[in-house]
Amino acid sequence: MSLLRELSVLVGDAFSEVGAERRLGEVSVSQRPDLAQFQCNGAMAAAKTLGRPPRDIASDVARIVSTDARMVGVEVAGPGFLNLHVTDEVLAQWMTKTAADDLLGLHRAQPPRSIIVDYGGPNVAKDLHVGHLRPHVIGESIKRMHLVVGHDARGDVHLGDFGLPMGQLLAILEDADPDLPYFDEAFAGPYPEVSPVTVEDLQRLYPLASARSKTEPSFQAKAQQATVELQAGRPGYVALWEHFRAVTIESLKVIYQRLGVHFELWLGEASTGERLAPLVELLLDRGVAVQSDGAIVIHVTTDEDKKELPPLMLRNSRGGSTYATTDLATIQERVDVFEAEDIIYVVDLRQSLHFQQLFRAARLGGIAGDNVTLTHAGNGTVNGPDGKPFKTRDGDLPRLSELLDVTVDLARSRLDENQLALELGASEREDVVRMVGMAALKYGELSNHRTTNYSFDIERFTQLQGKTGPYLQYVAVRAQSIIDKAATKDIVAGDFLAPSDAKERALVLEIAAWPEIVDRAIETLSPNVIAEYSYELANAFNHFYDSCHIMRENDPARQQSWLALVRLTRAVLVQALDLLTIEVPERM
RNA sequence: GCCUUCGUAGCUCAGCUGGAUAGAGCAUCGGACUUCUAAUCCGACGGUCACAGGUUCGAAUCCUGUCGAAGGCGCCA
């Protein structure tokens, strides 16, 4: 149990004793550190139900709470705020407990839940561009925060490997090279093991195919036909499509390695293939799905809607399935096969209508029961430094791999300019350069709220000072540097003493606040809560660093206590940054 | 046309689900280095929280309207 929870129990008991609801005793970190360490606002809320002035209630609660040995000052302020301080001994005990905990005080998930985070969404034959950065990084972070507290969380890349784009690729390839065995319906196999196309071929062909679909009705018809036949399982198409998929996955893994995102599941829209027909049958049987204009749809509008929602399209009039069908089948698979209790989609907010329809359809069709939560944790878009949509000179979206190159190059020149990490060998230094570049990118990304359409300004993100990824790495490295120096002088971390300095106390309080930060980040699926905390923790450490000189301290017990605090601070900072998918070098 | 989201310092953004004096970075100005890494620290400057009403003891936060921005709206994904 965290310190805040302990205090909430204490104050909650007191509220209960004066006849108010126990939950009103919830204690939070004070918004006014000049007045208090912790605060409780419950008295104002209790005033209504109890019919008494809030200050009276607060005074009664304060009298009860102040008898507890842990409390050193309990005051009523303003309209009925309860201002709380704990003794320095409590803080020291708290640090001891936290440092001994392998989770550094975080609340364990109880019970752990089975969670699928759907956050990649790359498409076969399409290169990743800057727009893909947000869902990948945010999703990875959200997955990690669930994992760290003990949930069984898995990331599913959910590859876009289905639908018309696949038919378009088949059609354009058949046009270009009709002699390939994949297009010969008489061919008995086996098909060649080596792909006839590279991922670069696909990336070049796809835009051509897409453009032809718009201008050439005959080509569009052919692509639609190929799509339906692929979905029906035509062997040559399936074999070729499997090559499309394989070469795409291979190239994705390279960039994911650089980016530090990892998927437990490499499923895709097409993974639900054999589920689609039975699912549609099931929904027709249940009367949830109906025929409409030659298509099969689910009507999802309810009486409470101001405006009618478009129905979910299960099967179009050509007999083809759509992404709505595969998404619904994917929910079924996640519930039935993976026993998912929570499904979280980190997907562009512009798809919120789709998810609204999808979730309703899943409920109506009995695909997801009440024991399953479905959440669209939508992300905003990325704009250029000018505040307009991010585009290259040619008007295209910049490729993600090029963006990573530029970022790492910029990180390298920042380190060069400041003559940093020069003592490292070439390979270790290049590793640090990569970590700094990625940290810059990711902190720039995650320090914004998930839903914000933010301005991507790599010049700003790679700054070594200010609220940036590299700054946070610097603070962790600085802490490590003290630990290393102490080791050379045989100074070891000792017991935590009661804080003796205001900056030291502030740092301890910051660390004590960590469990609730993670709770809130998980509850709201907001990595920026952790990003904000990381920065505050780093600042608190720098203030402590400035005012408490560890190597120069004469009292050995105090020196050892401070060293223990340095180690603990670094551990929490590293844990926080890991949840933001940011790596910390030993030196830089 | 309808629906959704948004509008906070010169710029980029937070704001813990309604609490105390709205915060941070950058930029600007002024101070602190024979350093445990100054990538830091201390201070100053900067706001009618788009606007107008309403609910409440209390509103950047909730409700209504206006203005402005972005996005979405059955056979694309």
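Residue numbers start from 1 in every chain, and the chains themselves are labelled A, B, ... in the order their sequence lines are given, proteins ahead of strands. Model, not experiment: these values are computed from the prediction.
- Between A:H549 and B:C36, a side-chain N or O to OP1/OP2 separation shorter than 4.0 Å is present.
- Residues forming a side-chain hydrogen bond (donor to acceptor under 3.5 Å, both in side chains) with A:E229 (at least two apart in sequence, or on another chain): A:Q225, A:R234.
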Listing time: all N or O pairs from protein to nucleotides 60-66 of chain B that are below 3.5 Å?
none

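- A:R520 comes within 4.0 angstrom of a base, heavy atoms only.
- Side chains of A:Y471 and A:N539: a donor-acceptor N/O pair is present below 3.5 angstrom, by distance only.
- Across all strands, A:N542 comes closer than 4.0 Å only to sugar-phosphate atoms, never to a base (heavy-atom distances).
- Looking at heavy-atom distances under 4.0 Å, A:T524 makes contact with a base.
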Atom pairs under 3.5 Å, N or O on each side, protein against nucleotides 75-77 of chain B: can you list them with distances?
| from | atom 1 | to | atom 2 | distance (Å) |
| --- | --- | --- | --- | --- |
| B:C75 | O2' | A:N316 | ND2 | 3.1 |
| B:C75 | O2 | A:S317 | N | 2.7 |
| B:C75 | O2 | A:S317 | OG | 3.2 |
| B:C75 | N3 | A:S317 | OG | 3.3 |
| B:C75 | N4 | A:D293 | O | 3.2 |
| B:C76 | OP2 | A:R318 | NH2 | 3.3 |
| B:A77 | OP1 | A:L164 | N | 3.2 |
| B:A77 | O3' | A:E269 | OE1 | 3.0 |
| B:A77 | O3' | A:E269 | OE2 | 2.9 |
| B:A77 | N7 | A:Y323 | OH | 3.4 |
| B:A77 | N6 | A:Y323 | OH | 2.1 |
| B:A77 | N1 | A:Y323 | OH | 3.1 |

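- A heavy-atom distance below 4.5 Å is not found between the side chains of A:P135 and A:V347.
- Residue A:R414 is classed as having no contact, given no heavy-atom separation below 4.0 Å to the nucleic acid.
- For the C1' atom pair drawn from B:G15 and B:G47, the interatomic distance equals 14 Å after rounding to whole Å.
- Remark: A:S447 is not in phosphate contact with B:A14, judged by side-chain N or O atoms under 4.0 Å from OP1 or OP2.
- Within the nucleic acid shown, A:V477 comes within 4.0 Å of at least one base atom, counting heavy atoms only.
- Taking CZ from A:F544 and CG from A:L565, the interatomic distance works out to 4.5 Å, rounded to the nearest 0.5 Å.
- For the pair A:Y545 and B:C36, the ring geometry qualifies as stacking, because the centroid separation is below 5.5 Å while the planes lie within an angle under 30°.
- In this structure, A:K467 forms a cation-pi arrangement with A:Y535, its terminal cationic atom sitting closer than 6.0 Å to the ring centre and no more than 45° off the ring axis.
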Encoded 5' to 3' (Watson-Crick or G-U under 3.5 Å; [ ] crossing; | other strand), RNA chain B becomes (((((((..((((.....[...)))).(((((.......))))).....(((((..]....))))))))))))....
Which pairs would a plain distance check flag for residues 310-317 of chain A, meaning a side-chain donor or acceptor within less than 3.5 Å of a matching protein atom at least two apart in sequence or in another chain?
| from | atom 1 | to | atom 2 | distance (Å) |
| --- | --- | --- | --- | --- |
| A:N316 | OD1 | A:R318 | N | 3.0 |
| A:N316 | OD1 | A:G319 | N | 3.1 |
| A:N316 | OD1 | A:G320 | N | 2.8 |

Reading 5' to 3' through nucleotides 20-29 of chain B, protein heavy-atom contacts under 4.0 Å coded B for base, S for sugar-phosphate only, - for none:
BB--SSS---
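- Salt bridge present: A:D34 and A:R32 bring a charged side-chain N and a carboxylate O closer than 4.0 Å.
- Heavy atoms of A:L353 sit under 4.0 angstrom from primed sugar atoms or phosphate atoms, though from no base atom.
- Between B:C13 and A:S455, a contact under 4.0 Å exists linking OP1 or OP2 to a side-chain N or O.
- Contacts of A:Y474 with the nucleic acid, taken as non-hydrogen atoms under 4.0 Å apart, include base atoms.
- Taking syn as a glycosidic angle within 90° of 0, B:U17 qualifies as syn.
- Among the atoms of the strands shown, none is found under 4.0 Å from any heavy atom of A:L349.
- Salt bridge status for A:R412 with A:E417: absent, with no side-chain N to carboxylate O gap under 4.0 Å.
- When heavy atoms are screened at a 4.0 angstrom cut-off, A:K485 is found touching the sugar-phosphate backbone but no base atom.
- Look at A:S481 and you'll find a side-chain N or O under 4.0 angstrom from OP1 or OP2 of B:U37.
- If you take CG of A:L525 and C1' of B:C16, they are 15 Å apart, rounded to a whole angstrom.
- Salt bridge annotation for A:R429-A:E423: absent, with no cationic side-chain nitrogen under 4.0 angstrom from a carboxylate oxygen.
- Distances shorter than 4.0 Å separate none of the side-chain N or O atoms of A:H543 from OP1 or OP2 on B:U40.
- Taking atom CG of A:L537 as the reference point, atom C1' of B:U40 lies 16 Å away to the nearest angstrom.
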